[in-house]
Amino acid sequence: MDPVVVLFITGLVVLIGYVSGIAISRGRAIDRLADATGATDADDVERRVREALDDAAAARWNAEQVNHDTGYLTELLTAGIVRLRDDLVVEFANEAAYAILERRSGSMVGRPALEAFVDTRVEGIARTAMEYGSANGELTVRSVVGATVTVRARRSPVSGVWLVMEDVSELRRLQRIRTEFIDNLSHELRTPITTISLLAETAARDAEAAPARLRDKISKIEIETGHLTQMVNELLDLSRIESGTVQLLLDDVDMVRLAQTTAERLRLFAERQGLRLRFDLPNQVLRVRGDEDRLGQVLINLLHNAVKFSPNGGDIVVGVREGDRDVVTWVRDPGIGVPAADRARIFERFYKVDRARVRGRGGTGLGLSIARHVVESHGGRIWVESTEGEGSTFSFTVPMAPAPSGTTAVRVEPRGPTLGPASEV
Ligand code: ADP
C-alpha cells in the first residue's frame, strides 16, 4: 500500500481513538456529576451544576456580609475586642481596644501578642486562655492616664483566642469613694452611739425603782442601740474587707466551746424577745484552724438574725457536729423562714428579703455576706435550709485543724465585683 495511505489511515485511527477517549472520560465525568447531583440527563446535570455554582456564590456573598456586619458591630462597642490566632498573633482589634490600651490605631494587627500589647500581663492572660480555655485579669495600663482595665480571654471554639477589655477606672474610683465614705461615716457614728448606749445602760440602772413603762422604754432604747452598734460594725467590716485590710489570725479553735460562749453572750438578748436558747453540742473537743474572733462574729451574725426573724418566740438551737474533714456549726430558729427564691441571694451584700415582711427588724443586709466572706476565707462554706413560716437552719463548715500548732497571720484578699487575676476554666 502507498505509504501515504498507510500514514493517513494510522492518523485517522489515532484521531478516532483520541476523540472517543475524550468522549468516554467526559461521559464518565457527566455520569459522576449526575450521580452527585441526582440529575437524570446531561441537560439536567448542566442546570444543577449552574445552580450549585450560584448557591456557592450566594453563600460567599452572605459570609462576606456577615463578616462586614460583625466588624461594624465591634466598632460600635465600647469594650475592646481583640482576636488572636493560635500562635497568639493579633488578627483583629477594634478601635476601642486601641483606645483602652493606648496604642496607635491599626498598630497591633499582624504582631505577636507581646509586641502588640507591650504588656506581659495581657499576653499572659491570652496564653492562659489558649491553654486552659479561659482566663480573667485586671491591670493598670502603664501610661500617664493609667487606666484600670479588666481583660476576659476565651479560647474560640473555632481557633485562636478572643479578648474582651473594659476600662473600669471610673467604676473602681467610685467604689473607692464609697468604701472611704462608709469607713468615715461608721467611724463618725461610733462615738455618739457608744455614748447613747452607755447612757441607756446607766439609765436602766438608775430606773430600777421607776414605773414599768419607763423601764420598758429604756430597755427598748438599749435594744435599738444594740442594733445600731451592730449595723455600724458591719459597715466598718465591709469597708475593711473591700479595702483588703482584713487579716485572719489563725489558731486552733474549739468550735464547741466557741459556739457555747458566743451564744451565751446573746442569751439575754434572745430571752428579752421571748426566745429560749438551747444547745446541741457533742461531748468532745472539735478543733478547727481559724480566727476565733472572726468565727465568733459569724455565729453572732447568725444568732442575731435568728432572734430578729423569730417574732413568735420558741427555741433557738445552736449545734456543732463533726463532718467529713470539717466541723459543721449550725443555728436553727423557729422564725419566718427564707423563701426558696431568696435563699441563694441572701448571702449577697445588701440583699434583704422583702422589707415589708420584717418591718422594724431591718438591718444593713451585710451580716450574711460578711459571714460568708469569713467562712470562705477559712476554706469552708455556708448555706441555709428553710421552710417558710416554720424556721431556718443556717450551717457553716470550717476545715478541721490538722495538728496543734501556733498562731499564724493570713491576709484576706478583698472581695468585690472585681475580676480576680486568677484564671477560670
Ligand atoms: P440583715 O442585716 O438584713 O439581717 P443579713 O445579711 O444578715 O442582713 O441577712 C440578709 C437577709 O436574709 C435578711 O434581711 C433577711 O431577709 C434574711 N434572713 C437572714 N437570716 C434570716 C433568718 N434566720 N430567718 C429569716 N430570714 C433571714
Side-chain angles (χ1 to χ4, degrees), residues 182 185-186 189 193 223-242 246 259 262-263 265-267 269-280 294-319 328-377 380-396 415-417:
I182 291 176
L185 182 73
S186 346
L189 283 172
I193 291 173
I223 291 171
E224 293 305 329
T225 322
H227 285 159
L228 271 176
T229 311
Q230 200 205 351
M231 277 189 210
V232 169
N233 286 341
E234 284 178 358
L235 282 171
L236 261 178
D237 267 338
L238 176 82
S239 71
R240 285 194 194 126
I241 285 169
E242 289 197 337
V246 175
T262 311
R265 279 168 54 197
L266 285 162
R267 184 183 286 280
F269 172 63
E271 283 174 356
R272 276 185 185 163
Q273 322 266 323
L275 290 147
R276 272 186 311 270
L277 187 66
R278 287 204 301 112
F279 291 102
D280 184 354
R294 293 272 156 197
L295 292 174
Q297 185 192 8
V298 172
L299 268 161
I300 286 185
N301 288 0
L302 297 185
L303 280 159
H304 243 275
N305 283 347
V307 173
K308 240 180 2 186
F309 298 109
S310 302
N312 300 323
D315 286 358
I316 290 180
V317 189
V318 180
V328 187
T329 308
W330 47 271
V331 175
R332 191 170 71 223
D333 67 60
I336 56 177
V338 183
D342 297 292
R343 274 174 222 155
R345 299 205 57 195
I346 54 173
F347 296 95
E348 290 171 15
R349 287 178 302 165
F350 299 111
Y351 190 83
K352 294 161 85 162
V353 179
D354 178 18
R355 282 151 208 264
R357 75 181 194 141
V358 287
R359 196 160 282 131
R361 247 166 283 143
T364 50
L366 292 173
L368 288 180
S369 63
I370 292 172
R372 183 177 71 167
H373 180 82
V374 172
V375 169
E376 287 180 355
S377 55
R381 61 187 192 94
I382 185 166
W383 70 98
V384 61
E385 288 146 305
S386 181
T387 309
E388 245 192 297
E390 289 182 20
S392 320
T393 304
F394 283 81
S395 314
F396 66 93
R415 169 190 283 282

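Residues: numbered from 1 along the sequence shown. Every number for a ligand or one of its atoms is a count from 1 in the order of the listing.
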Next on the checklist: Would Phe309 count as being in polar contact with ligand 1, using the rule that some N or O on each side must be under 3.5 angstrom apart?
Outcome noted: no
Checklist entry - Any N or O on Lys352 sitting closer than 3.5 Å to an N or O of ligand 1? => result no
Checklist entry - Any side-chain heavy atom of Asn301 sitting closer than 4.5 Å to one from Gln230? => result yes
Checklist outcome for this item: The atoms of ligand 1 lying under 4.0 Å from a heavy atom of Asp333, numbered in the order shown, are 22 (C), 23 (N)
Checklist entry - Looking at Gly337, which atoms of ligand 1 are within less than 4.0 Å of one of its heavy atoms? => result 25 (C), 26 (N)
Checklist entry - Quick one: does Gly335 get a heavy atom under 4.0 Å from ligand 1? => result no
Next on the checklist: Within the 4.0 Å heavy-atom shell around Tyr351, which atoms of ligand 1 are there?
Outcome noted: 10 (C), 11 (C)
Item to check | Any side-chain heavy-atom pair of Leu368 and Leu302 under 4.5 Å | outcome: yes
Next on the checklist: Heavy-atom count check: over 12 atoms from other residues, nucleotides or ligands less than 6.0 Å from Arg265 CZ?
Outcome noted: no
Next on the checklist: Would you say that Ile316 contacts Pro334 through its side chain, given a criterion of any heavy-atom pair below 4.5 Å between the two side chains?
Outcome noted: yes
Checklist entry - Can you say whether the rings of Phe347 and Phe394 are parallel (under 30°), tilted (30 to 60°) or perpendicular (over 60°)? => result perpendicular
Checklist entry - Can you tell which of Gly391, Gly365, Ser392 gets a heavy atom nearest to atom 3 (O) of ligand 1? => result Gly365
Next on the checklist: With heavy-atom distances below 4.0 Å as the criterion, list the atoms of ligand 1 near Leu366.
Outcome noted: 6 (O), 8 (O)
Checklist entry - Can you list the steps and then say if Arg294 with Asp237 is a salt bridge (charged side-chain N to carboxylate O under 4.0 Å, His left out)? => result CA-CA 11 Å; Arg294 293 272 156 197; Asp237 267 338; 3.5 Å; yes
Checklist entry - Just distances here: any N/O of Val353 and N/O of ligand 1 closer than 3.5 Å? => result yes
Checklist entry - Hey, are the side chains of Leu266 and Val307 touching, using non-hydrogen atoms and a 4.5 Å cut-off? => result no
Checklist entry - Is there a heavy atom of Phe347 sitting under 4.0 angstrom from any atom of ligand 1? => result no
Next on the checklist: Within the 4.5 Å heavy-atom criterion, are Asn305 and Lys308 side-chain neighbours or not?
Outcome noted: yes
Next on the checklist: Check contact between Asn301 and ligand 1, using heavy atoms of the residue and a distance below 4.0 angstrom.
Outcome noted: no
Checklist outcome for this item: Taking only non-hydrogen atoms of Val338 and a 4.0 Å limit, the atoms of ligand 1 in range are 25 (C), 26 (N), 27 (C)
Checklist entry - Any N/O of Lys308 closer than 3.5 Å to an N/O of ligand 1? => result yes
Checklist entry - Does the side chain of Asp280 reach to within under 4.5 Å of the side chain of Trp330, using non-hydrogen atoms? => result yes
